[in-house]
Engineer: 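Once you've had a glance at the structure underneath, I'll fire off some questions.
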Amino acid sequence: MVYILVSAPPTARGRVVLWQVDATGRVFDSHTVPAAEFPDAVDALTDDTVRWVWDDTAHWYPPLLERGIRVQRCHDLRLSHAILRHSAWTAGSPLAHAPHSAWDDPVPERAPTANTLFDDLDDTDGWGGGAGAERGSGVGGPDAGPGDSGLPSNAQSAAQSAAQGAAGRQIGAYVTRVANKRQPARDPHGEDESLREFRRQRAALAASEEPGRLGLLVAVESAGALIAAEMRFHGIPWRADLHDHILTEALGERPRFGGRPVKMEALVQEIRRAVGNPTFNPDSQPDLLRALRRAGLSVTSTSKWELRGVDHPVVAPLLAYKKMSRLYTANGWAWLDTWVRDGRFHPEYVVGGVVTGRWAAKGGGALQLPGTVRGAVVADPGWTLVVADAAQLEPRILSALSGDLRMAEAGRGQDLYQALVDQGVVDTRDHAKVGILGALYGSTTGQSAALMPRLTRAYPAAIQFVAEAARVGEKGGVVTTWLGRSSPRPDDQWWVDAVLDTDGGVTGPQRERAMQQARSWGRFTRNFVCQGSAAEWAMCWMAGLRTRLAEMGSPEARPHLVYFLHDEVMVHTPVGCAEEVVAAVHAAAADAGRLLFGGFPVEFPVQAMVAGDYAAAKG
DNA sequence: CATCGAGGCGCG
DNA sequence: AAAGCGCGCCTCGATG
């Protein structure tokens with residue numbers, strides 16, 4: 001494995017420094033290129049032995065993608081820092097004990113190749129500076145808006161262009177030099193902050209209780225960062241004309257001069273008639289609640305789950321209106337105008353954006369696309385979609401985490417919930433689902449709580465495992481996922497209340513609230529382990545899939561990931577590759593299970609569908 | 001005028 | 001039929 005660390009220290013004056021280092025961060029060589037030549041340098045150097053090390057994938061990778069350059073692996077220093085700094089398995093490391101630094105902050109805003117992060121470093125030598133220094137590469141940066149990048153750009157081989165001009169000759173010489181270097185080299189810039197951070201991280205990993213698992217976590221988190229950048233670059237194929245058609249069908253014509261779409265307006269009139277109030281505004285919750293109560297409904301909120309249980313003529317039109325209103329405001333024409341450009345939706349994925357390790361997204365609500373509009377996600381002509389999701393991922397993960405063989409056995413087939421019925425544990429599939437979800441979330445009331453004794457009897461190891469995670473959380477402790485991501489500690493106020501709970505002198509509502517809060521944190525840690533470990537499986541799955549896809553098709557028409565939703569992936573593929581993609585999806589899932597849990601007999605079946613559009617794939 | 005929390009609802 | 005985990009984003013209405 002060759003590590004090449006990329007940084008743009010202020011001493012390099014807008015140029016980019018490439019360091020060849022070993023796994024401990026020892027420098028063997030370094031080379032400085034003008035920022036504009038950075039993509040050529042990467043293209044010339046990258047191969048299947050190189051792992052690129054950089055502070056933020058979201059900063060360095062998009063300019064490469066714009067040039068049609070793809071890297072195979074990276075080590076994202078900021079994402080890895082967050083994991084290693086808080087993991088219980090690296091708690092003794094200098095990294096964990098260091099004071100707060102810029103590495104603990106969110107990704108900073110930067111111009112495409114300038115580094116303003118560590119500009120307090122000494123500017124002691126002028127090596128690499130001078131007239132040749134250039135700022136900015138002229139390519140779109142990570143903050144380019146949706147639609148700045150269109151169809152997959154495979155316009156030209158960047159390798160070819162690199163092999164031509166002066167930059168190419170320079171890089172070519174560098175490659176030869178790198179290949180021949182066997183002796184550590186001096187660091188001509190003094191200490192580079194990215195380099196130092198890389199060394200701290202590698203040291204923390206090496207000294208960790210579980211270097212294998214934690215190393216895998218850091219690797220797949222970084223692979224996720226590459227995938228997130230690639231998916232944003234390619235975008236989800238989105239047919240604005242079909243979206244418009246869906247909206248018009250559901251809501252009526254788009255209003256031209258303000259006001260509601262006609263079908264919504266008609267419902268408003270119906271709702272007003274049903275409650276005998278000709279003027280109230282159903283979009284205002286206080287207004288609506290008042291109107292409902294005056295009409296004789298004994299509701300305490302306007303939420304749909306409460307309304308659903310009420311027998312009154314206003315309920316049906318009101319629920320219909322709420323659904324339409326949601327579609328109109330969240331994914332209506334305004335959404336379409338804002339987020340879809342040139343047939344693509346380019347959401348920004350936030351890797352590690354959720355405490356558990358799941359991804360978040362910002363801009364356009366990419367992870368909450370309602371079923372209603374999924375019909376607008378349509379493959380290009382000659383292309384199709386492969387949509388795959390992991391069936392009952394979290395319970396299967398739980399069976400492996402806890403080593404519960406009987407639960408793993410229930411997961412041997414396609415449908416774990418049905419298997420619970422077949423094993424005689426519960427009487428219906430629905431009960432199985434409610435019961436399992438209740439165990440994962442820590443339900444204490446209702447139907448799912450009533451199922452707990454049966455589940456405990458059938459799967460003692462699994463249920464004890466989540467119960468223990470909850471107990472740890474209730475005491476304010478830390479739990480850790482399978483690969484080593486640890487839960488955050490409760491904040492100061494939590495501990496203040498926790499004292500009230502254990503202090504024998506405190507009684508009544510105050511104590512009640514304290515206990516309630518402790519249980520709430522327990523439910524969080526209970527779920528953290530399962531949700532977080534499931535996210536790790538999903539990342540292994542997707543990283544493996546990405547590698548397989550890279551071998552398929554041709555550079556001009558290669559299947560590529562376009563969407564990821566916790567336990568579901570979407571690949572946009574030439575029709576001719578679809579079956580190969582389906583096979584890869586299954587193979588990658590099997591690989592992920594083995595990678596995480598070795599020989600433990602847990603299975604992770606995925607359901608993969610080939611379809612021209614997303615709605616059909618889910619239907 | 002901008003910002004924030006609450007209520008609500010979409011997704012897993 | 002049901003209330004327990006994790007999110008982002010919309011509107012309204014209160015507050016600065």
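A, B, ... follow the sequence lines: proteins, then strands. Residue 1 opens every chain.
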Engineer: Which nucleotide sits closest to the side chain of A:R326: C:dG8, C:dA3, C:dG6?
Structural biologist: C:dG8
Engineer: Among the nucleotides C:dC5, C:dA3, C:dC12, which one has an atom lying closest to any side-chain atom of A:N281?
Structural biologist: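 Out of C:dC5, C:dA3, C:dC12, the nucleotide with an atom closest to A:N281's side chain is C:dC12.
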Engineer: Name the nucleic acid region contacted by A:A449, choosing base, sugar-phosphate or nothing; use a 4.0 angstrom heavy-atom cut-off, strictly under.
Structural biologist: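 No contact.
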Engineer: Rounded to the nearest Å, what distance is computed from the CG atom of residue A:L440 to the C1' atom of nucleotide C:dA3?
Structural biologist: 15 Å
Engineer: Please determine, for the side chain of A:T356, which listed nucleotide (C:dC10, C:dG6, C:dG4) has the closest atom?
Structural biologist: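 Closest nucleotide to the A:T356 side chain: C:dG6.
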Engineer: Is any side-chain N or O of A:T329 closer than 4.0 Å to OP1 or OP2 of C:dC9?
Structural biologist: no
Engineer: Can you tell me how far apart NZ (A:K475) and CH2 (A:W521) are? Round to the nearest 0.5 Å.
Structural biologist: 16.0 Å
Engineer: In the structure shown, which nucleotide is the Watson-Crick or G-U wobble counterpart of B:dG8, with both distances under 3.5 Å?
Structural biologist: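 Base-paired to C:dC9.
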Engineer: In a check of side chain to side chain contact (heavy atoms under 4.5 Å, CB included) between A:E536 and each of A:I397, A:L483, A:L595, which one passes?
Structural biologist: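 Only match with A:E536 under side chain to side chain contact (heavy atoms under 4.5 Å, CB included): A:L483.
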Engineer: In the structure I gave you, are the side-chain heavy atoms of A:L385 and A:Y563 within less than 4.5 Å of one another anywhere?
Structural biologist: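 The answer is no; the side chains never approach within 4.5 Å.
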Engineer: Do A:E394 and A:N527 come within less than 4.5 Å of each other through their side chains, counting heavy atoms only?
Structural biologist: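 Yes. Closest side-chain heavy atoms under 4.5 Å.
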Engineer: Should the ring pair A:F597 and A:W482 be called parallel, tilted or perpendicular, given that the plane angle runs from 0 to 90° and is split at 30 and 60?
Structural biologist: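 Rings of A:F597 and A:W482: tilted, as their planes differ by 30° to 60°.
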Engineer: Between A:F345 and A:W335 (judged by ring centroids, cut-off 6.0 Å), do the two rings come close enough to count as a pair?
Structural biologist: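 Yes - the distance between ring centres of A:F345 and A:W335 falls below the 6.0 Å cut-off.
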Engineer: Which nucleotide sits closest to the side chain of A:V354: C:dG6, C:dG4, C:dG8?
Structural biologist: C:dG6
Engineer: More 5' along DNA chain C: A:S303 or A:Q531, using each one's nearest nucleotide?
Structural biologist: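 Whichever sits nearer the 5' end wins; that is A:S303.
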Engineer: Report the distance from atom CG of A:N527 to atom C1' of C:dA3, rounded to the nearest whole Å.
Structural biologist: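 One finds 14 Å between C1' of C:dA3 and CG of A:N527, rounded.
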Engineer: When you measure only distances, ignoring hydrogens and angles, does the side chain of A:Q368 come within 3.5 Å of the base of C:dG8 through a donor and an acceptor?
Structural biologist: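 When only heavy-atom distances are counted, A:Q368 does reach the base of C:dG8 through a donor-acceptor pair under 3.5 Å.
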Engineer: For chain A and DNA chain B, what are the first and last nucleotides along the strand, 5' to 3', with at least one atom under 4.0 angstrom from a heavy atom of the protein chain?
Structural biologist: B:dG7 to B:dG12
